[in-house]
Number of protein chains: 2
Amino acid sequence: MQKETTIINENQAIRLLKQNGLSITDSRKKIVQLFLEQDGALAHGDIEKKAGEKFDRVTVYRTLQVFVDKGIIHTIPTADNSIRYALCKDDCGEGHHHDHHVHFVCDNCGVTYCLDDVVTPEIKLPKGYTAGHVEVVVEGVCKNCKTPFS
Amino acid sequence: MQKETTIINENQAIRLLKQNGLSITDSRKKIVQLFLEQDGALAHGDIEKKAGEKFDRVTVYRTLQVFVDKGIIHTIPTADNSIRYALCKDDCGEGHHHDHHVHFVCDNCGVTYCLDDVVTPEIKLPKGYTAGHVEVVVEGVCKNCKTPFS
DNA sequence: TTATCTTTTGCAACATTGTTGCTTTTTTGC
DNA sequence: GCAAAAAAGCAACAATGTTGCAAAAGATAA
Ligand SMILES: [Mn+2]
Ligand SMILES: [Mn+2]
Ligand SMILES: [Zn+2]
Ligand SMILES: [Zn+2]
């Protein structure tokens with residue numbers, strides 16, 4: 001028998017897809033579920049691996065693209081030139097993301113977290129510059145990797 | 001006759017390379033000069049183009065790597081998965097970068113600027129997280145693209 | 001300046017990542 | 001179930017990045 005959480009996540013995945021007017025397909029269900037089961041963010045490569053040999057690489061690319069467009073997931077810029085993706089928790093939708101939170105990359109375990117409660121600060125820019133979106137990525141040691149005596 | 005600024009930049013480039021204990025080669029001189037002549041940041045591809053067909057792609061990759069290692073240039077993370085590089089203005093050196101400034105990417109012209117005078121803010125993290133380095137990238141409209149009446 | 005040693009370059013081959021057009025398969029709405 | 005629409009898979013390709021190695025260029029000291 002399937003584990004109960006898997007079923008819950010499958011239902012949740014289907015709900016999320018329907019909410020966004022997307023048709024329900026195996027790959028979309030599976031990829032949304034991966035995000036739901038996951039604490040941190042996922043890179044394209046992670047998804048390919050975690051989904052097994054099940055889906056074509058192109059399908060994964062296109063699925064992620066659709067999810068970003070619809071405001072289901074957002075991208076996280078990192079220094080190592082690999083885009084990570086994470087679920088949008090805010091009221092993002094088609095054509096407008098509102099993820100104004102800080103991201104954290106752990107030096108030790110490599111996991112990327114959305115710190116949903118830490119909002120991006122106001123940045124005072126020099127004269128002539130107009131700010132749109134602000135991205136903040138903090139690198140350091142995460143709560144799971146913290147040693148008791150450090 | 002060569003333009004005077006070119007000569008100045010060549011001397012400056014040589015000085016910078018010597019300072020960092022690097023041997024003086026055509027490609028290193030040329031690439032440092034490109035950075036000196038440039039207001040914004042450069043991506044790998046920009047450098048290949050601007051250097052003409054002069055240098056091998058591999059040489060450019062390796063040169064940029066050496067420059068980053070030596071603290072001559074630093075990388076700038078961007079959302080579009082393309083690493084940009086810019087000269088370090090601070091006291092960076094081999095094995096330690098100290099570029100704590102904000103970066104700005106113009107939506108309109110695409111140029112990436114180092115805002116050397118805008119320092120990265122302190123970020124208050126949730127319990128258990130320890131901050132190392134903080135990266136801030138602001139996206140918006142730059143001083144050159146600003147229209148008079150906006 | 002030349003000889004020698006060391007470093008860097010260019011080349012070739014390869015790996016990884018991302019893109020596009022087209023055909024087949026799946027999903028949806030009836 | 002059936003037809004139309006959407007998505008997936010496949011193949012071919014483009015772009016980007018990496019590695020090993022031989023040739024060339026740079027540094028050093030006689
Ligand atoms: Mn996030
Ligand atoms: Mn900078
Ligand atoms: Zn960690
Ligand atoms: Zn601009």
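Letters A, B, ... are given to chains in the order of the sequence lines, protein chains preceding strands, and every chain is numbered from 1. Bear in mind the structure is a predicted one, so any value in this text is a computation, not a measurement.
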Per B:Arg28 side chain, nearest of listed nucleotides C:dT8, D:dA8, D:dC10:
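The answer is C:dT8, which lies nearest to the side chain.
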A:Tyr61, nearest nucleotide to its side chain (from C:dG10, D:dA7, C:dG18)
C:dG18
Atom pair distance, as rounded to whole Å: [atom1] in [X] and [atom2] in [N]:
X: A:Asp56; N: D:dA8; atom1: CG; atom2: P; result: 10 Å
X: A:Ile14; N: C:dT28; atom1: CD1; atom2: P; result: 10 Å
X: B:Asp69; N: C:dT8; atom1: CG; atom2: P; result: 12 Å
X: B:Asp46; N: D:dA15; atom1: CG; atom2: P; result: 15 Å
X: A:Phe55; N: D:dC10; atom1: CZ; atom2: P; result: 12 Å
X: B:Lys29; N: C:dT7; atom1: NZ; atom2: C1'; result: 16 Å
X: A:Leu17; N: C:dT26; atom1: CG; atom2: P; result: 18 Å
X: B:Lys30; N: C:dT8; atom1: NZ; atom2: C1'; result: 19 Å

With a 6.0 Å cut-off on ring centres, are [X] and [Y] close enough?
X: A:His98; Y: A:His133; answer: no
X: A:Tyr113; Y: B:Tyr129; answer: yes
X: B:His44; Y: B:Tyr61; answer: yes

Taking only side-chain nitrogens and oxygens of [X], does any of them come within less than 4.0 Å of OP1 or OP2 of [N]?
X: B:Ser23; N: C:dT7; answer: no
X: A:Ser27; N: D:dA8; answer: yes
X: B:Thr25; N: C:dT9; answer: yes

Comparing B:Gly45 and B:Ile24 on DNA chain D - which has the more 5′ nearest nucleotide
B:Gly45
Residue met sooner reading DNA chain D from 5', once B:Glu48 and A:Val66 are mapped to nucleotides
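Looking at the nearest nucleotide for each, A:Val66 comes out on the 5' side.
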When you measure only distances, ignoring hydrogens and angles, does the side chain of A:Arg57 come within 3.5 Å of the base of D:dG9 through a donor and an acceptor?
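Flag unset: no donor-acceptor pair detected.
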Give a yes or no on whether a donor-acceptor pair under 3.5 Å exists between the nucleobase atoms of C:dG18, that is its base, and the side chain of A:Arg62.
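Donor-acceptor pair under 3.5 Å: no.
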To check you understand the geometry: which heavy-atom pair defines the closest contact between A:Glu139 and A:Asp107, and what is its length?
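Of all heavy-atom pairs spanning A:Glu139 and A:Asp107, the closest is OE2-OD2, 2.6 Å.
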Shortest non-hydrogen separation from A:Asn9 to A:Gln33 and the atoms involved
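Closest heavy-atom pair between A:Asn9 and A:Gln33: O-CG, 3.9 Å.
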Taking for each residue the nucleotide of DNA chain C with the nearest heavy atom, is it B:Lys54 or A:Leu22 whose nucleotide lies nearer the 5' end?
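First, find each residue's nearest nucleotide; the 5'-ward one identifies B:Lys54.
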